[in-house]
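Please read the structure below before turning to the comments.
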Amino acid sequence: MKSLTRRNFNNLTAKGIGGATLLSSLPFACAMGANQDKKKLGIALVGLGSYSTYQLAPALQDTQHCYLAGIVTGTPEKEKIWSDKYGIPEKNIYNYQNFDDVTNNQDIDVVYVVLPNSMHAEFCVRAAKAGKHVICEKPMGISVAECDAIINACNKAGVKLGMGYRLHSEPYTQQVKEYVKEKTFGDILFVSADAAYRSAGNPDQWRLNKKLSGGGALMNMGVYAVQSTIYGTGENPISVTAQEFSTRPEYFKDTDETITAQFEFPSGAVGNISTSHNFNANAMYVSGSSGWFQLQPANNYGPLSGETSRGDTIEFPHESQQKLQMDDFARHVLFGEPNKAPGEMGKRDMMIVEAIYKSIANGGKTIALDFEPGFGFGG
């Protein structure tokens with residue numbers, strides 16, 4: 001067995017990996033002396049753009065099982081700003097060059113990668129090699145191959161991997177899943193999902209640069225629409241047909257502006273999605289054999305809202321989706337609770353994205369999709 005120091009033993013137990021096996025192989029006194037009672041996991045945010053600044057960092061002030069322990073930024077000016085605001089010690093502040101030194105930092109248990117899409121794979125792999133659990137913001141990468149690289153790195157390092165899919169932790173989406181599972185409105189026949197916003201102010205932003213983003217509206221908002229059809233039916237699709245539209249090519253020079261797609265599911269259900277960077281849309285509608293339900297809004301930061309054909313209003317108290325998401329992942333690491341958004345879910349969605357782009361490139365050809373039953377579904 002590899003030689004153990006108190007430091008690396010504490011790191012392993014905090015990560016929740018191999019706990020029972022490891023403890024069973026150690027003397028009782030040694031096992032009991034280790035730090036098994038860590039109450040909160042330290043999270044380091046990699047990339048301090050608007051999502052980290054206005055959503056993740058504030059949410060981490062309210063989480064129960066994790067906290068903001070460190071930052072990684074390529075902008076030196078942000079180091080003092082964040083340190084002063086959140087009390088982050090200098091030893092927990094990294095840049096993109098010295099990031100790998102995080103392996104020696106016991107304060108940091110989880111690395112949350114919130115960078116442009118083309119940088120996800122590099123930093124998720126580096127985080128895993130440093131022995132840290134990983135949360136990857138969506139989309140998982142810019143190709144299925146990158147998703148595989150991330151999953152393989154985390155498996156090899158024995159660390160946990162979760163996707164930054166906030167909606168799986170909030171109650172409206174959980175209610176949708178329950179309706180589908182319990183057949184509250186009969187067998188699902190049709191799902192429609194729209195996720196879009198109008199981009200107008202900054203044509204030079206990284207999301208409109210294909211080298212950084214890997215794609216346009218589909219890689220950004222389209223992932224929400226794709227996911228809505230999946231948990232709206234409780235199935236993975238078996239085929240997709242897609243179309244692309246552009247009305248402002250002078251603005252969307254490098255990435256897709258608007259995409260629509262149609263899915264077929266094993267049960268016979270069908271689904272339609274639309275996603276765009278050129279108009280606002282935020283809804284999902286599910287029709288069953290004995291009624292319907294819908295959410296509108298369905299995928300923003302909340303509060304969401306819904307109703308059913310029975311005249312019910314779907315309504316829950318609003319909480320930060322990011323807070324719920326990060327606490328869910330922390331519970332997965334600390335207590336072994338199900339991973340609601342595992343890495344396989346990110347890979348599945350990228351497989352669908354690639355199929356949509358393939359359909360468009362082939363003039364709207366129907367592209368078959370082949371998934372193992374339940375592949376990509378979280379706990």
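- Open room surrounds NZ on K129; 12 or fewer heavy atoms of other groups in view lie less than 6.0 Å from it.
- At distances below 3.5 Å, not a single donor-acceptor pair connects side-chain atoms of Y51 with backbone N or O atoms of L56.
- To the nearest 0.5 angstrom, S287 atom OG is 5.5 Å from L189 atom CG.
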Which donor-acceptor pairs under 3.5 Å do the side chains of residues 299-306 make with protein atoms, sequence neighbours left out?
residue : atom : partner : partner atom : Å
N299    : ND2  : D194    : O            : 3.2
N299    : ND2  : N282    : OD1          : 3.4
N300    : OD1  : G302    : N            : 3.1

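- At a threshold of 4.5 Å between non-hydrogen side-chain atoms, the residues D349 and Y165 count as touching.
- M163 contributes atom CE, which lies 10.5 Å from atom CZ of R348 (distance to the nearest 0.5 angstrom).
- Nearest heavy atoms, A128 versus A157: O-CB, 3.1 Å.
- Contact annotation: the side chain of W206 approaches that of N117 to within less than 4.5 Å [non-hydrogen atoms, C-beta and beyond].
- The closest side-chain heavy-atom distance from V176 to M284 is below 4.5 Å.
- At distances below 3.5 Å, at least one donor-acceptor pair connects side-chain atoms of N98 with backbone N or O atoms of N95.
- Within the 3.5 Å criterion, the main-chain N or O of L60 finds a donor-acceptor partner in the side chain of T63.
- Taking the side chain as every heavy atom from C-beta outward, V110 and M326 never approach each other to under 4.5 Å.
- Under the 4.5 Å side-chain heavy-atom criterion for Ile, Leu, Val, Met, Phe, Trp and Tyr, Y172 and V180 are members of the same hydrophobic cluster.
- I188 and Y285 end up in different hydrophobic clusters when Ile, Leu, Val, Met, Phe, Trp and Tyr side chains are linked at under 4.5 Å.
- Under the 4.5 Å side-chain criterion, counting only non-hydrogen atoms from C-beta, Q321 is in contact with L167.
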Practice prompt. Please lay out, stage by stage, how L208 and H277 fare under the test side chain to side chain contact (heavy atoms under 4.5 Å, CB included).
Written response: CA-CA 10 Å; L208 303 184; H277 279 159; 3.9 Å; yes
Item to complete: Check the pair H168 / Y231 against ring pair (Phe, Tyr, Trp, His ring centres under 6.0 Å), numbers first and verdict last.
Response: CA-CA 10 Å; H168 287 271; Y231 55 72; 5.6 Å; yes
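- For H120 (side chain) and P139 (main-chain N/O), a donor-acceptor pair under 3.5 Å exists by modelled atom type.
- Put simply, I88 and Y112 are part of the same group of oily side chains (I, L, V, M, F, W, Y) that touch within less than 4.5 Å, one to the next.
- V111 and L161 end up in different hydrophobic clusters when Ile, Leu, Val, Met, Phe, Trp and Tyr side chains are linked at under 4.5 Å.
- With K138 contributing its side chain and V223 its backbone, the two residues share no donor-acceptor pair below 3.5 Å.
- Residues I238 and P266 come closest through the heavy atom pair CG2-CG, 3.6 Å.
- Using a 4.5 Å heavy-atom threshold, the side chains of T184 and E178 count as separate.
- At least one donor-acceptor pair closer than 3.5 Å links the side chain of S276 to the backbone N or O of E257.
- Between the side chains of Q262 and Q243, at least one donor N or O lies within less than 3.5 Å of an accepting N or O.
- Other residues, nucleotides and ligands contribute over 12 non-hydrogen atoms within 6.0 Å of the CG atom of N280.
- Between W82 and I93 the shortest side-chain heavy-atom distance does not fall below 4.5 Å.
- At least one donor-acceptor pair under 3.5 Å links the side chain of N105 to the backbone N or O of K91.
- Under a 3.5 Å cut-off, the side chain of S359 and the backbone N or O of K365 do form a donor-acceptor pair.
- Classification of K323 and D62 as a salt-bridged pair fails, no side-chain N sitting under 4.0 Å from a carboxylate O.
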Practice prompt. Report the C-alpha separation of R207 and S199 in whole Å, then their side-chain angles, then the decisive distance to 0.1 Å, and conclude whether the side chain to side chain contact (heavy atoms under 4.5 Å, CB included) test is met.
Written response: CA-CA 10 Å; R207 290 195 181 280; S199 176; over 6 Å; no
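- Here the straight-line distance linking atom OG of S320 with atom CZ of R166 works out to 10.0 Å at 0.5 Å rounding.
- Annotation for K160 and V333: closest pair CG-CG2, 3.9 Å, computed over non-hydrogen atoms.
- Of all non-hydrogen atoms in V113 and C124, the two that sit nearest each other are CG2-SG, 3.8 Å.
- No more than 12 heavy-atom neighbours from other residues, nucleotides or ligands sit within 6.0 angstrom of CD on E372.
- Closest non-hydrogen pair, S169 versus D328, comes out as OG-OD2, 2.6 Å.
- Taking the six-membered ring for Trp and thresholds of 30 and 60 degrees, F185 and Y179 have ring planes more than 60 degrees apart, a perpendicular arrangement.
- When all heavy atoms of G74 and P76 are compared, the closest pair comes out as O-CD, 3.5 Å.
- A donor-acceptor contact shorter than 3.5 Å is absent between the side chain of N339 and the backbone of F329.
- No more than 12 heavy atoms of other residues, nucleotides or ligands sit less than 6.0 Å from atom NZ of K211.
- Side-chain contact of S274 with T260: a donor-acceptor pair under 3.5 Å is absent, judged by distance alone.
- Linking Ile, Leu, Val, Met, Phe, Trp and Tyr whenever their side-chain heavy atoms come within less than 4.5 Å leaves V134 and Y94 in two separate clusters.
- In this structure, SG in C136 is found 9.5 Å from CD in E146, a value given to the nearest 0.5 Å.
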Worksheet item: Could you walk me through whether Y96 and V46 pass the side chain to side chain contact (heavy atoms under 4.5 Å, CB included) check?
Response: CA-CA 9 Å; Y96 301 146; V46 184; 4.2 Å; yes
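- Grouping Ile, Leu, Val, Met, Phe, Trp and Tyr residues whose side-chain heavy atoms lie under 4.5 Å apart, directly or via other members, places I142 in a hydrophobic cluster with V144, L218, M219, V226, I230, V240, I259, F263, F265, I273, M350, M351, I352, V353, I356, Y357, I360, I367, L369, F371, F375, F377.
- Atom-to-atom distance recorded for E235:CD and T229:OG1 is 10.5 Å, nearest 0.5 angstrom.
- Interatomic distance, CD of E79 versus CD1 of I71, reported as 6.5 Å (0.5 Å rounding).
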Discussion item. Checking Y251 against N278 for the side chain to side chain contact (heavy atoms under 4.5 Å, CB included) test, could you report, in this order, the C-alpha distance in whole Å, the side-chain angles of both residues, the deciding distance, and whether it holds?
Written reply: CA-CA 10 Å; Y251 185 84; N278 193 44; over 6 Å; no
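- In this structure the side chain of Y224 never reaches within 4.5 angstrom of the side chain of Q227, judged on heavy atoms.
- Not one N or O on the side chain of T255 forms a donor-acceptor pair closer than 3.5 Å with the backbone of G216.
- A donor-acceptor pair shorter than 3.5 Å can be found between the side chains of E170 and T173.
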